[in-house]
Amino acid sequence: MLDFLNPLGLPIKYAIIGAIACPFGVFLAGLLGFGATGYIPTMVGGAIGGAVGGYIRKRRGKAR
């Protein structure tokens with residue numbers, strides 16, 4: 001589905017996915033009545049977490 005991101009490498013691919021997906025979590029938390037944080041810090045945290053996860057998957061020999 002996101003094969004066009006494969007040339008960027010796993011850490012970058014997962015950072016992009018994390019940065020895009022985390023603000024949806026903040027939005028849903030706001031709808032459910034939980035205390036929501038800002039969107040920018042959440043995007044940064046999602047990008048960092050995604051990059052770390054992609055790096056770990058890359059070191060384990062995963063291709064995607």
Side-chain angles (χ1 to χ4, degrees):
M1 180 158 103
L2 298 173
D3 291 334
F4 64 92
L5 293 174
N6 285 342
L8 299 175
L10 282 179
I12 301 298
K13 178 181 176 180
Y14 278 66
I16 291 170
I17 292 169
I20 292 172
C22 282
F24 289 116
V26 173
F27 177 73
L28 289 175
L31 285 178
L32 296 174
F34 295 103
T37 60
Y39 287 99
I40 300 298
T42 303
M43 289 178 72
V44 171
I48 292 170
V52 170
Y55 178 74
I56 291 170
R57 285 183 59 89
K58 183 178 177 181
R59 287 191 44 110
R60 290 185 179 173
K62 306 289 183 183
R64 295 184 194 175

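Note: hydrogens, waters and symmetry copies are ignored here, and every other heavy atom, side chains too, is used.
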Please list every donor-acceptor pair under 3.5 Å in which a side-chain atom of residues 41-51 meets a protein atom from a residue at least two apart or in another chain.
| unit_1 | atom_1 | unit_2 | atom_2 | d |
| --- | --- | --- | --- | --- |
| T42 | OG1 | T37 | OG1 | 3.1 |
| T42 | OG1 | G38 | O | 2.7 |

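A single hydrophobic cluster is not seen to contain both Y14 and I56; linkage of ILVMFWY side chains at heavy-atom distances under 4.5 Å, directly or through other members, places them apart.
For L32, the side chain to side chain contact (heavy atoms under 4.5 Å, CB included) partners at least two apart in sequence or on another chain are F34. Partners of L8 according to the side chain to side chain contact (heavy atoms under 4.5 Å, CB included) rule, which considers only residues two or more places apart in sequence or in another chain, are L5, I12, I16. Taking Y39 as the reference, P23, V26, F27 meet the side chain to side chain contact (heavy atoms under 4.5 Å, CB included) condition, with sequence neighbours excluded.
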